[in-house]
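Worksheet: one structure, shown below.
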Amino acid sequence: MSIRFNRQPGLVAYISCGDPSLDTSRDVALAAIQAGADVIELGVPFSDPVADGPVIQRASERALEHGTNLAGVIEVARQIREQSDAGLIMFSYLNPILQFGLQKFCSAAADAGIDGALVTDLPLEEAVEYLRAMKAHKLAPVFLAAPTSTEQRLRAIAKHSRGFVYAISRTGITGTRQELAGDARSLVERLRAYTKLPIAVGFGISTPEQFVEVGSFADAAVVGSAIVQTVEQNPGQEAAAVSEFLASLTGTTQSTAAGS
Amino acid sequence: MEETRSTQSSPPAVMPATEGQPPKRAVAGRFGAYGGRYVPETLMAALQELEAAYAEARKDKSFRDDYRRLLADFAGRPTPLFLAERLTEELGGAKIYLKREDLLHTGAHKINNCIGQALLARRMGKHRIIAETGAGQHGVATATVCALFGMECVVYMGTEDMRRQELNVFRMKLLGAEVRGVESGSRTLKDAINEAMRDWVTNVRTTHYLLGSVLGAHPYPTMVRDFHRVIGQEARKQILKAEGRLPSAVIACVGGGSNAIGVFYEFIKDAEVKLIGVEAGGRGHSLGEHAARFDGGAPGVLQGTYSYVLQDKAGQIALTHSVSAGLDYPAIGPEHALLHDQGRAEYVSASDQEALDACLKLARMEGIIPALESAHAVAECLKRAPTMSQSDIVIVNVSGRGDKDIGILRENLQF
């Protein structure tokens, strides 16, 4: 398993796969890894992304217009794996996986060198078969923890997650925000009581200040919409622009951020 | 149609959790394999809170009294069961009764559920209400109960539906609601639900999502059904009083399926009563041209529940079409999926044209202009009644009235 965070804080980069093309998504992922990403979340486009804000909605629509499907995203993962040992997580809504076939999905993902999966609309209560299939294929199930999750739920989420736990910084949909909600720190503190796994904080992170702030209480920051927007705003230069943006975000260069 | 899926029901790939074992008997929120609670983690606590509040409210006499009193004094229940004599005579077969949900306050059955959920929201201390609407009937009913209870109300509505149901948009505003247009997807009911879910996931601590059909995550399909059971309870008593026996068939249109489950539920145990759900056949059989989930849909997860969904092979949700905004939705309530698989209910479809013709027919024969949604049920009655014997009885649920559809009727009926 190659889900490891090599720095403090670690960086999880979300990519809307197939926007504008699967080849570009592969190049953006490799550039993100070069720029310090420890884990890549490969977003599978879905027609009805209820947990996503306008940036990822638009990217999903474009990716679907280009015919992107789950098999294509798994193939992108395989290509990334040939060149990198960074953590690779499939990030999807449930229905594309159901129609692909849960067992077939797990087997194809494991075969492509994928480390785990996060299914946005699959809470623990509905995940028995999923957990069994993931375990059989040595894949890490990553679950979301929310500020609204009860203690009982947080305990269960921590118990069943592998690789890391994804703490949502605030109630809401994906998308950048000026300030990090106060919810995030207390959620991470609550989760620590139940797990020694690394905790990544996501939803709304787009500035170096936010990245540093997350690093003061969590193990990693997830950056999603800001990357997807950078891709959207830099046609033809996607990988370079994302690389520059992430370098600026994590403070590894002095250049200014692009597209955030 | 290469893109459409087989109508065969495949076993669910994801089973409900009961300590790691598949359920041996019915689990709360499951209708056979269907239903469940497929939502982002942020909403789970709110759904559990709602489930608990509803379970408690059901046992509370004061809640039940409030609900019954408002159904009677505010909404106008019971609604009549009307013998359609001219239509019966014209069709020459079964005796036709109309359950007059169109006579309810706000013009459709939707108010039953809105009263129930608004009472529940008040109990939970939530004073901001959000809702989705397709035809605008649920939006109007929600705006109405929010005005009654002094609650803030935001209704999400696809801009295509706002265009074709303009009158209801104005009614909602008149009642003090804010109507937010939704531009994504096909700009219809499904997209309005997506946007309402995004609002709820953001404002979940202060907001109740007043979902308008037997869709979505548990407890909605069960709770919304319960608030509409009164339709069938009344109809069963009324037909027994009028005829001394049960009907041969009960017919209702099915979008999400709230009016249908409401009128069906009390008859499920009566094996001799045929239950017939009518889906929107739209303008053609290929994917995207209709909203008949049992004619090309396959089990899948959409907006919180596992049921039959119109989708492509990759699991992307299909666009749908119906002349009736209230039926224009790619998934069907999970309890209907179970009734379908069990063979307890039969599901058929009526095309746009058949619904328009049926609307005109009921208007001319009985002096009742049904909503275009309900006109789908009338259309099935027009086909079926002549094939039945004069000793048969059919109940058609006229779930709403057609005033809101005058614009569409004018566009489509050339006079």
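Bear in mind the structure is a predicted one, so any value in this text is a computation, not a measurement. So you know, we letter chains A, B, ... as the sequences are listed, proteins then strands, and number each from 1.
Within the 4.5 angstrom heavy-atom criterion, no atom of A/Leu131 approaches chain B. Within the 4.5 angstrom heavy-atom criterion, only backbone atoms of A/Ala145 (N, CA, C, O) approach chain B. Using a 4.5 Å cut-off between heavy atoms, B/Leu302 contacts chain A through its side chain alone, with no backbone atom that close. Of the atoms belonging to A/Ile168, it is side-chain heavy atoms, and not backbone ones, that fall under 4.5 Å from chain B. Neither the backbone nor the side chain of A/Pro54 comes within contact range of chain B; no heavy atom of the residue lies under 4.5 Å from a heavy atom of that chain. When heavy atoms are compared at a cutoff of 4.5 Å, A/Phe100 does not approach chain B at all. Contacts between A/Leu64 and chain B at a heavy-atom distance below 4.5 Å involve the side chain alone, from C-beta outward.
Counting non-hydrogen atoms of neighbouring residues, nucleotides and ligands closer than 6.0 angstrom, the CD atom of A/Glu151 exceeds 12 such neighbours.
At least one side-chain heavy atom of A/Leu98 sits under 4.5 Å from a side-chain heavy atom of B/Val301.
Minimum interatomic distance between B/Glu41 and A/Leu144 (heavy atoms only, all atoms of both residues): CG-O, 3.4 Å. Scanning both residues, A/Pro123 and B/Tyr38, for their nearest heavy atoms gives CD-CA, 4.1 Å. A/Gln99 approaches B/Gly315 most closely through the heavy-atom pair CG-CA, 3.4 Å. Listed here is the closest heavy atom pair of A/Thr171 and B/Thr202: OG1-O, 2.8 Å. The minimum heavy-atom distance between A/Asn95 and B/Gly300, with the atom names listed, is OD1-CA, 3.2 Å.
Side-chain contact of A/Gln57 with B/Ser184: a donor-acceptor pair under 3.5 Å is absent, judged by distance alone.
Ranked by heavy-atom pairs shorter than 4.5 Å toward chain A, the options B/Gly36, B/Pro40, B/Ala45 are led by B/Pro40.
Once rounded to the nearest 0.5 Å, the distance linking CG of A/Asp121 with OG1 of B/Thr305 reads 11.5 Å.
Tested against A/Glu125 for a side chain to side chain contact (heavy atoms under 4.5 Å, CB included), the candidates B/His218, B/Met44, B/Arg37 yield a single pass: B/Met44.
With salt bridges taken as basic N to acidic carboxylate O contacts below 4.0 Å, none links A/Asp48 and B/Arg198.
Side chain of A/Ser47 to main chain of B/Ile317: a donor-acceptor pair is present (N/O by atom type, distance under 3.5 Å, no hydrogens or angles).
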(request) Go through B/Val204 and A/Thr148 one step at a time and tell me if the side-chain contact (heavy atoms from CB on, under 4.5 Å) criterion holds. (result) CA-CA 9 Å; B/Val204 59; A/Thr148 50; 3.9 Å; yes

